[in-house]
Amino acid sequence: EQLGGHLSTRLKGLDAALCGGIPFGVLTEVVGPAGIGKTQFCLKLSLLASLPAHYGGLDGRVIYIDVESKFSSRRMIEIGARSFPEIFHLKGMAQEMAGRILVLRPTSLSEFTESLQQIKVSLLQDQVKLLVIDSMVALVSGEHEQGAHRQHPLGWHISFIKSLAEFSRIPVVVTNQVRSQNRDESCPYSFQVQDKGKTIEDSTRYDSHLVAALGIHWAHAVTIRLVLEAKSGQRFIKVAKSPISPPLAFPFNITSSGISL
Ligand code: GTP
């Protein structure tokens with residue numbers, strides 16, 4: 001069985017901590033406050049997944065679920081042109097790379113549910129090497145459903161997405177916004193995930209509003225959690241949950257060539 005695949009992030013320390021990058025076949029969650037760089041990170045990953053293998057890419061297609069209309073192919077091409085000028089100066093290459101990204105913009109949870117079936121078919125047929133959902137919590141934040149539905153928010157979707165990752169053995173990256181850490185130092189990230197009275201993730205601090213919105217099931221379903229945060233004007237990316245890495249943090253910047261260490 002082929003278990004060892006990774007999508008390199010090109011962030012050296014992070015790749016080393018994750019034994020090569022974002023792993024295939026599991027869910028990786030990228031969380032952080034508004035404007036920290038979650039979408040910029042996903043744009044970079046999309047570029048790297050679609051890049052020819054010769055340049056270290058996965059030479060595949062990408063499905064990008066763009067819930068809040070944040071995806072910008074123009075920005076992705078800028079990142080590509082700055083990071084890999086030798087490829088992007090070739091005629092038609094920028095267009096070819098942009099054409100490898102299928103951007104879906106569901107406007108409701110039910111539209112998203114429908115698109116999941118279509119995604120499953122694409123994953124089987126179309127050489128898709130990365131699935132991005134930016135963001136998961138935004139899919140439910142617009143919904144005000146009451147009663148039974150709220151008890152297991154997204155339970156079915158979460159299982160389905162996890163199974164998509166497992167059967168297609170591609171990296172699945174999901175972003176989620178958490179409230180800014182600066183507003184109240186004592187509250188955000190201090191939530192401990194409890195299950196049947198036991199603390200299951202005491203080393204992983206997780207925002208309580210995410211648990212409220214996505215349910216405990218979500219916290220379980222995620223294999224890798226990367227937390228993006230800012231301290232004293234410096235951005236950091238932290239490995240907050242991983243079966244292999246200790247909780248390491250790496251400083252990063254966002255420049256014209258995208259996320260870089
Ligand atoms: P939310 O979706 O609001 O939760 O934010 P996010 O975490 O997805 O943030 P996003 O990835 O949109 O990052 C926003 C930050 O990226 C901005 O504050 C800018 O610093 C940087 N950024 C965005 N676009 C560009 C760009 O074209 N050039 C450069 N140099 N930086 C950019």
Side-chain angles (χ1 to χ4, degrees), residues 7 9-11 14 22 27-50 62-85 88 94 97-98 101 103-107 109 112 130-143 171-184 187-189 205-214 218 222 224-241 249-261:
L7 170 58
T9 67
R10 306 293 169 108
L11 306 175
L14 183 63
I22 309 292
L27 303 186
T28 295
E29 184 185 32
V30 178
V31 298
I36 194 71
K38 302 181 293 296
T39 299
Q40 297 298 308
F41 186 71
C42 293
L43 289 175
K44 184 97 180 220
L45 293 181
S46 301
L47 175 78
L48 293 168
S50 58
V62 175
I63 297 180
Y64 199 110
I65 317 273
D66 183 24
V67 182
E68 297 177 295
S69 296
K70 305 258 325 269
F71 180 88
S72 159
S73 52
R74 195 171 172 180
R75 172 63 173 147
M76 200 193 78
I77 288 165
E78 181 191 32
I79 295 170
R82 297 276 180 159
S83 311
F84 306 98
F88 277 77
M97 298 300 284
I101 321 287
V103 181
L104 302 177
R105 297 207 163 106
T107 57
L109 189 56
F112 173 65
L130 173 68
L131 171 63
V132 175
I133 303 174
D134 183 17
S135 83
M136 188 80 173
V137 77
L139 276 166
V140 281
S141 60
E143 309 265 319
V172 174
V173 176
V174 180
T175 72
N176 277 315
Q177 189 181 306
V178 293
R179 287 161 294 197
S180 169
Q181 221 177 357
N182 305 331
R183 221 181 295 161
D184 178 3
C187 174
Y189 301 115
R205 286 137 70 91
Y206 200 55
D207 195 298
S208 56
H209 99 273
L210 277 188
V211 176
L214 301 176
W218 176 250
V222 167
I224 307 275
R225 180 170 301 114
L226 303 174
V227 174
L228 274 55
E229 57 193 15
K231 274 186 198 140
S232 317
Q234 174 64 59
R235 289 174 158 109
F236 290 89
I237 186 161
K238 189 165 79 188
V239 182
K241 180 182 178 184
F250 307 94
F252 74 91
N253 298 307
I254 305 176
T255 66
S256 56
S257 56
I259 295 251
S260 56
L261 286 188

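Read the numbers this way: they start at 1 and go in the same order the structure lists the ligands and their atoms.
For Phe250, there are no ring pair (Phe, Tyr, Trp, His ring centres under 6.0 Å) partners at least two apart in sequence or on another chain. By the salt bridge (Lys or Arg N to Asp or Glu O under 4.0 Å) test, Arg105 pairs with Asp66, sequence neighbours left out. Taking Phe252 as the reference, nothing meets the ring pair (Phe, Tyr, Trp, His ring centres under 6.0 Å) condition, with sequence neighbours excluded.
A donor-acceptor pair is defined here as one N or O able to donate and one able to accept, closer than 3.5 Å; such a pair exists between the side chain of Asn176 and the backbone of Val137. Lys70 places no side-chain N or O within donor-acceptor distance of the main-chain N or O of Thr39, the cut-off being under 3.5 Å.
Protein residues having a heavy atom under 4.0 Å from any atom of ligand 1 are Pro33, Ala34, Gly35, Ile36, Gly37, Lys38, Thr39, Gln40, Lys70, Arg75, Glu78, Gln177, Arg235, Ile254, Thr255, Ser256, listed by chain and number.
Considering every non-hydrogen atom in both Ser257 and Ile79, the closest pair reads O-CG2, 3.3 Å.
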